[in-house]
Amino acid sequence: MQETYLEVNIDKIRNNIIKIKNLNHRSKFCAVVKANAYGLGSDIVGREIEDLVDYFAVARLSEGILLRRAGIKKPILILGYVGLDDISKCFENDIDISVYDLGLAKEIDKLGYKLKAHLVLDTGHGRIGFRADQIENIRQLKTLSNIKIISAFSHFSTADEEDNSFTEKQEEIFDYIIEQIKNDFDLEFVHLANSAGTIRQKIFKDMYRIGICLYGLYPSEVVRDNTEIKLEKTFKLYSFVHFIKNIDKGTPISYGRTFVSSKPMKVATVAIGYADGYCRAFSNMGKVYINGYGCKVLGRVCMDQMMVDVTGLDVKIGDRVEIYKEIDKDANLIGTISYELMTNISMRVKRIYIKEGMVIARRDYLGEIYES
Ligand SMILES: *Cc1c(COP(=O)(O)O)cnc(C)c1O
């Protein structure tokens, strides 16, 4: 197919979930599908894995509503902020909120909607939540009449790093706070670990929250090397060659003439650019694969196209180009992580979903906007 598209393999996502669940069947499995399931498409992915999971986590109310519109019935938790104006929609859509600030919680409570909430504890990640020296603040939440605190959770900051000690400390602080407040609230369950804390440190609590590993990537190389779980990458990003030329020595390529050939070369132009999510930082750095050959990016990545070196290779117009074949290496090359490369894949890139060898769905976000 001559398109730039993202192919998502549902069977592989399901297999990754099953492998992780085999570590622990007692605890609940929370699928983190925020940011459109890290770019893959949260409504379709969510629908296709709902039977295997107990909970969904998202970052925004709109992401939660999208899951409900897709027919998802399992509980949904928003991991962060919801504006007061949107609280009624949490009630209407049966979406759990996070409570991380006493003042905000009181404001939400005053609105009068019966909501289920998860208490956020800051055990060292330093983003949101109540800290260990704020037990009295937490206890004041008992006075809320509409918000029901059903759970408490925290988040690791270094579970993907070599040194385990801070993760252990965070778990100790978590256990301490829970011990202090457990008689004040009817906590049905508590949750702590992300992908790294789950598959490496094997911290499960009553529920564990899995994001990146659903999609078949490891949070870091350290985690990959310190777990027996063998994940399979679940997506492939493809583009295609739409122009080929032979150039002489001394030919500049792309904006700024940052690449000038030092010998005669064969150059392919590929229909992907930074507007599709292939970062401009890959200029003169990135590597893509055509017919199995690794091809270097020449000059700057443009908004919609880029040029790659196919000198001496059997490459012709129409050939498929695989981007992010080694996504962790690619991310490392430009000083970021696979999470960011995935979530950068833009709306312009079509999505195709494969299950049991068949295409079960296609998604063209911009096409849907044009049609409506
Ligand atoms: C994003 C997020 C996760 C998932 O992290 P992964 O490393 O992708 O597993 C879990 N919990 C919280 C609070 C998050 O924000």
Side-chain angles (χ1 to χ4, degrees), residues 13 16-17 19-21 23-24 27-40 42 45-46 49 53-61 63-64 67 75-82 95-101 117-130 151-161 166-167 170-171 173-174 189-224 226-227 229 231 233-235 327-328 331 336-345:
I13 298 177
N16 290 335
I17 296 173
K19 284 179 193 165
I20 297 166
K21 279 175 69 162
L23 289 174
N24 178 312
S27 304
K28 292 179 199 279
F29 188 107
C30 174
V32 181
V33 294
K34 62 190 179 190
N36 203 22
Y38 292 34
L40 303 191
S42 61
V45 169
I49 64 173
V53 311
D54 303 289
Y55 242 90
F56 287 97
V58 294
R60 303 277 186 264
L61 172 66
E63 296 175 336
L67 296 182
I76 300 172
L77 165 65
I78 298 173
L79 295 165
Y81 173 81
V82 181
I95 294 172
D96 301 1
I97 61 165
S98 290
V99 164
Y100 49 87
D101 179 84
H118 300 228
L119 190 60
V120 188
L121 306 175
D122 181 358
T123 56
H125 183 262
R127 188 166 63 186
I128 52 171
F130 296 90
S151 178
F153 75 99
S154 189
H155 193 40
F156 287 135
S157 60
T158 59
D160 60 334
E161 292 181 12
F166 195 71
T167 303
Q170 281 195 270
E171 187 182 14
I173 295 170
F174 183 76
F189 60 104
V190 299
H191 45 115
L192 177 57
N194 51 3
S195 292
T198 304
I199 70 164
R200 182 197 179 198
Q201 280 91 356
K202 311 270 166 60
I203 293 168
F204 303 109
K205 302 299 176 192
D206 305 312
M207 180 165 88
Y208 43 92
R209 305 182 305 269
I210 305 294
I212 197 77
C213 290
L214 287 178
Y215 314 113
L217 304 180
Y218 293 87
S220 68
E221 230 168 283
V222 171
V223 176
R224 183 203 310 265
N226 287 283
T227 179
I229 298 285
L231 300 167
K233 185 165 164 248
T234 61
F235 61 93
I327 193 166
D328 292 314
T336 185
I337 51 176
S338 60
Y339 298 62
E340 191 176 27
L341 297 188
M342 286 186 75
T343 54
N344 272 353
I345 298 171

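In each ligand, atom 1 is the first atom listed, and ligand 1 is the first ligand listed.
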>> Checking D328 against Y218: is there a side-chain donor and acceptor pair closer than 3.5 Å?
In response: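 The criterion, which ignores hydrogens and geometry beyond distance, is not satisfied for D328 and Y218.
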Would you mind checking which non-hydrogen protein atom is closest to [atom], with the distance to 0.1 Å?
atom: atom 7 (O) of ligand 1; result: Y339 OH, 2.7 Å
atom: atom 11 (N) of ligand 1; result: R209 NE, 2.8 Å
atom: atom 8 (O) of ligand 1; result: Y38 OH, 2.5 Å
atom: atom 12 (C) of ligand 1; result: H155 CE1, 3.3 Å
atom: atom 9 (O) of ligand 1; result: S195 OG, 2.5 Å
atom: atom 1 (C) of ligand 1; result: K34 NZ, 1.4 Å

> What part of R127, side chain, backbone, both or neither, has a heavy atom within less than 4.0 angstrom of ligand 1?
Replying inline: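 The side chain, only.
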>> Closer than 3.5 angstrom, by distance alone: can the side chain of R209 be matched with the main-chain N or O of V32 as a donor-acceptor pair?
In response: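 Such a contact is absent between R209 side chain and V32 backbone.
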>> How long is the straight-line distance from NE2 of H155 back to NE2 of H191, given to the nearest 0.5 Å?
In response: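 So the NE2 of H191 and the NE2 of H155 are separated by 12.0 Å.
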>> For the CD1 atom of I13 and the OG1 atom of T234, what is their distance to the nearest 0.5 Å?
In response: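 One finds 4.5 Å between CD1 of I13 and OG1 of T234.
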>> Does the plane of the ring in F189 sit parallel, tilted or perpendicular to the ring in Y55? Use 30° and 60° as the thresholds.
In response: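 Geometry flag for Y55 against F189: tilted rings.
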> Below 3.5 angstrom, do we get any N/O pair linking G211 and ligand 1?
Replying inline: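 Yes - when backbone and side-chain N and O of G211 are compared with those of ligand 1, one distance drops under 3.5 Å.
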>> Distance under 4.0 Å to a non-hydrogen atom of I212: what atoms of ligand 1 satisfy this?
In response: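 Listed by number with element: 6 (P), 8 (O), 9 (O).
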> Do K233's NZ or CZ and the ring of Y215 fall within the cation-pi criteria of under 6.0 Å and 45°?
Replying inline: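 Checked: cation-pi criterion not met.
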> Under 6.0 Å from the six-membered ring centre of Y38 and within 45° of its axis: does the NZ or CZ of K34 meet both?
Replying inline: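 So K34 doesn't make the cation-pi contact.
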